[in-house]
Amino acid sequence: MGIAAIAAYVLGPGLGGLIFSGLSRLGGANALNSTLVGTIAIVLLALVLDLLLVLTGRLTTPRGIRV
C-alpha cells in the first residue's frame, strides 16, 4: 500500500496525493489534516486488504493442510 501511495502521487490524484500535498504545504492551514487523512486511509486500506487475503487463504486451503 505504501508503494500505491507513491504511485498515486506520480500518476495523478489518489491517497498519495493527499499526503504529498499536505507535506508540500507544511506549516499552512490544514496541511497536517491532509497528511493525516491520507496516511490513515492508506493504513486502513492495508488492513482491510490484509484481512481479505487472510480470509481468501483460509477459504482456499484444504482442511487437511490447515494448521
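FYI, the numbering just counts along the sequence from 1.
- Ile40 and Leu23 fall into different hydrophobic clusters, where Ile, Leu, Val, Met, Phe, Trp and Tyr side chains are chained together by heavy-atom contacts under 4.5 Å.
- Interatomic distance, Asn30 CG to Thr35 OG1, rounded to the nearest 0.5 Å: 10.5 Å.
- For the pair Ser24 (side chain) and Ser21 (backbone), a donor-acceptor distance under 3.5 Å is present.
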I'd like to know whether Ile19 forms a side-chain contact (heavy atoms from CB on, under 4.5 Å) with Ile42, so could you lay out the CA-CA distance, the side-chain angles of the two residues, the decisive distance to 0.1 Å, and finally the verdict. CA-CA 10 Å; Ile19 295 171; Ile42 288 174; 3.6 Å; yes

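- Here the closest heavy-atom approach between residue Arg25 and residue Ala31 is recorded as O-CB, 3.2 Å.
- Between the CG atom of Leu55 and the CG atom of Asp50 there is a distance of 9.5 Å, given to the nearest 0.5 Å.
- Between atom CG of residue Asn33 and atom CG of residue Leu18 there is a gap of 11.0 Å, rounded to the nearest 0.5 Å.
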